[in-house]
**Student:** 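Sharing a structure here in structure tokens format.
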Amino acid sequence: MEAKQFDAIVVGAGFAGLYMLHKLRERGLNVRVIEAADGVGGTWYWSRYPGARCDSDSIYYNFTFSEDLYKKWRWKERYAAQPEILEYLNFVADELELRPDIQFETYVKKATFNEDTKLWEIETDTDELFVAKYFISGVGCLSTTNIPPFEGVESFKGEKYHTGRWPHEKVDFTGKRVVVIGNGSSGVQAMPLIAKEAKELTLLMRTPHYVAEARNHPLTKEQQDEAISKYDEIRDSFFTTPGGIRMFTTGKSATEFTPQEQKETLEYVWKTGGLALGSVYPDVSVNKDTNAVVSQFVRDKIDEIVKNESTAKTLHPNYYITTKRLIIGTNYYEMFNQDNVNLVSLKDNPIVRIVENGVELQNGTVECDVIVFATGYDSMTGSILRMDIRGRGGQPLKEKWEEGKGVKTYLGLSVQNFPNFFMITGPQSPSVLTNMPSSIEQHVDWIDRCIEYLEENNIQTIEAQEESEKEWAKQCDDIANQTLFPYTNSWYTGANLDGTKRSGFVIFVGGLDNYRKICDQVADDNYNGFTLTRAEVLN
């Protein structure tokens with residue numbers, strides 16, 4: 001088969017892929033984006049479940065690299081819903097005229113670094129071969145769905161859905177008995193809406209989570225105008241804050257306030273809504289005493305809202321708040337006061353198997369017409385490892401990363417033995433602990449600057465050094481070990497897959513602002529920590 005030649009192949013047409021395409025094309029490179037779906041959007045193309053929304057204020061959930069682009073778009077709600085976010089990404093693709101360089105309905109099966117040509121050879125499910133100098137993953141951290149290997153899944157005769165691969169048409173739950181397995185962000189957002197239609201909804205819950213009220217609302221014209229006028233401030237937050245977004249904070253530890261002051265502040269945060277429970281006290285993720293104050297406040301709120309005392313206690317989270325993803329929802333706890341909603345703790349009554357008419361538990365069977373798997377994603381590494389990526393000597397990335405249990409990168413951007421391979425918001429970067437567009441812009445800008453340096457200096461390949469990977473992994477672990485994160489099994493650590501923690505912490509928890517400085521310093525030092533190989537000059 002004849003190979004199609006490009007300077008760069010980018011995988012994925014979500015936020016990351018669209019911006020990477022725009023930057024490299026502006027640089028004059030010949031770029032092709034390969035996307036499995038039939039349209040742009042990435043995660044927001046697939047995650048169409050009821051109630052799907054971003055959990056950053058929508059005025060931050062957009063690109064800021066172009067003031068003109070920013071000011072042409074107005075969000076309708078405080079937290080944009082999936083259809084509006086998808087509409088925004090289509091708007092970006094049209095405004096920047098990106099579609100001609102995107103190949104849809106194509107899946108990357110294999111990518112191999114050819115040591116003779118020093119080029120990447122990319123094979124797809126359409127039996128095409130692409131060859132490029134640069135191979136860039138924009139597949140994201142949360143796009144490969146995870147359904148635990150329950151026995152008997154195929155035997156179920158009713159309807160089955162996963163929140164991360166929802167049908168494009170509306171699913172009607174009217175009069176049906178619905179079982180939802182999982183209560184992460186997608187489950188929390190979807191269930192109150194499903195419960196309005198369903199005859200009966202039963203949540204099978206493994207671990208209760210902290211859920212803050214979103215307090216979502218339509219944005220008035222005045223609020224939209226104000227957001228447009230604050231472009232410089234919003235752009236600045238991408239660069240100068242730990243999460244790439246400005247959030248309410250007291251700037252002090254909870255231990256510096258009286259119990260009454262703590263209660264008043266937390267009540268304010270609860271009524272205001274959003275993720276500020278994680279920022280109200282800067283030490284909530286490192287100080288057990290502060291964490292206990294915030295955690296107990298949420299448990300007290302649950303007791304206040306949920307009328308059945310036993311149900312309320314079952315919904316009490318017992319881990320450190322923020323060490324699993326803090327979730328925002330609408331009327332989630334109130335939902336449990338409905339007569340048609342049931343709660344089952346899988347710790348007390350685990351799933352045995354899926355059967356023809358429902359879910360068999362250790363103590364009885366929950367009969368149902370529909371099963372909704374809100375079981376999350378093979379996060380951080382799943383989407384990258386789903387592609388068969390092979391570096392020098394044919395080494396599979398799966399092997400180097402021990403199937404995701406032993407991740408090795410430098411800055412979360414590059415991998416030793418995989419030259420000219422870059423990851424946007426990959427493992428060991430701040431990624432999911434930030435406003436994703438903020439992290440994506442930082443990554444894409446850094447990769448673009450790096451490629452500019454390579455092209456201007458006639459450098460053929462760049463890759464992480466082995467020692468740099470070790471030092472970066474240690475730095476990620478050392479910072480995480482100063483926090484409360486390692487005390488909790490979560491999808492941050494891969495524990496949602498089979499309960500086995502990864503060998504290191506695969507997120508840089510030191511803040512996007514600090515991470516940006518580290519990455520910029522590496523670039524300023526002519527890519528210290530990388531091995532660069534010059535192209536041979538032919539006479």
**Student:** With Glu226 as reference, evaluate Gln224, Gln223, Lys230 under the side chain to side chain donor-acceptor pair (under 3.5 Å) test and give the passing residue.
**Tutor:**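 Answer to the side chain to side chain donor-acceptor pair (under 3.5 Å) test with Glu226 among Gln224, Gln223, Lys230: Lys230.
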**Student:** Using only atom types and a distance under 3.5 Å, with no angle test, would you say the side chain of Gln338 pairs donor to acceptor with the backbone of Asn340?
**Tutor:** no
**Student:** Taking the six-membered ring for Trp, are the ring centroids of Tyr79 and Tyr61 within less than 6.0 Å of each other?
**Tutor:** no
**Student:** Nearest 0.5 Å please: distance from the CD1 atom of Ile136 over to the CD1 atom of Ile424.
**Tutor:** 6.0 Å
**Student:** Are the side chain of Arg78 and the backbone of Ala214 linked by a donor-acceptor contact shorter than 3.5 Å?
**Tutor:** yes
**Student:** Compute whether any side-chain donor of one residue and acceptor of the other, for Ser439 and Thr434, lie under 3.5 angstrom apart.
**Tutor:** yes
**Student:** Could you point out which residue of Trp46, Tyr45, Tyr49 forms a ring pair (Phe, Tyr, Trp, His ring centres under 6.0 Å) with His168?
**Tutor:** Tyr45
**Student:** Would the number of heavy atoms belonging to other residues, nucleotides or ligands and lying under 6.0 Å from CD of Glu309 be above 12?
**Tutor:**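 No, the 6.0 Å shell around CD holds no more than 12 heavy atoms from other groups.
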**Student:** Could you measure the distance from the CD1 atom of Ile321 to the CG atom of Asn318? Nearest 0.5 Å is fine.
**Tutor:**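 Here the interatomic distance stands at 12.5 Å.
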**Student:** Locate the shortest heavy-atom distance separating Leu86 from Gly41; write the atom from each residue and the value.
**Tutor:** CD1-CA, 3.8 Å
**Student:** For a side-chain contact (heavy atoms from CB on, under 4.5 Å) with Tyr281, tell me which candidate from Thr265, Asp289, Asn287 qualifies.
**Tutor:**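 The option that passes is Thr265.
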**Student:** Mind telling me whether Tyr70 and Tyr231 have parallel, tilted or perpendicular rings, with 30° and 60° as the class edges?
**Tutor:** tilted
**Student:** Which atom pair, heavy atoms only, marks the closest approach of Met387 to Tyr107?
**Tutor:** N-OH, 4.4 Å
**Student:** When you measure from the side chain of His162 to the backbone N and O of Gly164, does any donor-acceptor pair fall under 3.5 Å?
**Tutor:** yes
**Student:** Examine distances only and state if a side-chain atom of Asp55 and a backbone atom of Ile328 form a donor-acceptor pair shorter than 3.5 Å.
**Tutor:**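 No; judged by distance alone, with no hydrogens or angles, the pair does not exist.
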**Student:** Could you go through the side chain to side chain contact (heavy atoms under 4.5 Å, CB included) check for Asn435 and Ser237 one step at a time?
**Tutor:** CA-CA 10 Å; Asn435 175 46; Ser237 71; over 6 Å; no
**Student:** If you take all heavy atoms of Ile507 and Ser431, which pair is closest and at what distance?
**Tutor:**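 So the two residues come closest at CG2-OG, 4.4 Å.
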**Student:** Donor-acceptor check, side chain of Asp303 to backbone of Lys313, threshold 3.5 angstrom: yes or no?
**Tutor:** no
**Student:** Check this for me: does any side-chain nitrogen of one of Arg449 and Asp445 sit under 4.0 Å from a carboxylate oxygen of the other?
**Tutor:**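 Looking at Asp445 together with Arg449, the answer is no, because their closest N to O distance does not fall below 4.0 Å.
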**Student:** Under a 4.0 Å threshold between the charged nitrogen and the carboxylate oxygen, would Glu304 count as salt-bridged to Lys301?
**Tutor:**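 Counted as a salt bridge, because a side-chain N and a carboxylate O are separated by less than 4.0 Å.
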**Student:** Without swapping roles, check the side chain of Trp75 against the backbone of Asn62 for a donor-acceptor pair under 3.5 Å.
**Tutor:** no
**Student:** Are Glu441 and Arg235 within salt-bridge range, i.e. N to O under 4.0 Å?
**Tutor:** yes
**Student:** If you draw the axis of the six-membered ring of Tyr487, does the NZ or CZ of Lys288 fall within 45° of it and under 6.0 Å from the ring centre?
**Tutor:**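 Lys288 over Tyr487 ring: yes.
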**Student:** Taking all non-hydrogen atoms of both residues into account, name the closest pair between Asp283 and Lys252 and its distance.
**Tutor:**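 Scanning both residues completely, I find the closest heavy atoms to be OD1-O, 4.5 Å.
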**Student:** So which atom in Asn183 and which in Pro208 form the shortest heavy-atom distance, rounded to 0.1 Å?
**Tutor:**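 It is ND2-CA, 3.9 Å.
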**Student:** Does the pair Leu18 and Ile102 meet the rule for a side chain to side chain contact (heavy atoms under 4.5 Å, CB included), with working shown?
**Tutor:** CA-CA 9 Å; Leu18 294 180; Ile102 305 173; 3.8 Å; yes
**Student:** Look at the aromatic rings of Trp166 and Phe173 and report parallel, tilted or perpendicular, splitting at 30° and 60°.
**Tutor:**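 The arrangement is tilted - the two ring planes meet at 30° to 60°.
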**Student:** Which atom names give the shortest non-hydrogen contact between Ala93 and Val40, and what distance separates them?
**Tutor:**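 Taking every non-hydrogen atom into account, CB-CG1, 4.2 Å.
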**Student:** Give me the ring orientation class for Trp73 and Tyr88: parallel if the planes are under 30° apart, tilted from 30 to 60°, perpendicular past 60°.
**Tutor:** perpendicular
**Student:** Is the shortest side-chain N to carboxylate O distance from Asp225 to Lys221 below 4.0 Å?
**Tutor:**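 Answer for the salt bridge query: yes.
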**Student:** Do NZ/NE/NH1/NH2 and the carboxylate oxygens of Lys170 and Glu197 come within less than 4.0 Å?
**Tutor:**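 Result for this pair is yes, salt bridge flagged.
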**Student:** Per the ring pair (Phe, Tyr, Trp, His ring centres under 6.0 Å) rule, which among Phe15, Tyr515, Phe238, Tyr19 passes with His443?
**Tutor:**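 Output: one option passes, namely Tyr515.
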**Student:** Verify the distance criterion only: is there a donor paired with an acceptor across the side chains of Arg53 and Gln189 at less than 3.5 Å?
**Tutor:**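 Arg53 vs Gln189: no donor-acceptor pair found between side chains.
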**Student:** For side chain to side chain contact (heavy atoms under 4.5 Å, CB included), just list the numbers for Thr240 and Asp513, CA-CA rounded to whole Å, side-chain angles, deciding distance to a tenth of an Å, and then say yes or no.
**Tutor:** CA-CA 5 Å; Thr240 59; Asp513 48 352; 5.6 Å; no
**Student:** Just one of Lys176, Lys160, Arg177 clears the salt bridge (charged side-chain N to carboxylate O under 4.0 Å, His left out) bar with Asp369, so which one?
**Tutor:**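 By the salt bridge (charged side-chain N to carboxylate O under 4.0 Å, His left out) criterion, Asp369 pairs with just one of Lys176, Lys160, Arg177: Arg177.
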**Student:** Using 4.0 Å as the upper bound for N to carboxylate O, is an ion pair formed by Glu95 and Lys72?
**Tutor:** yes
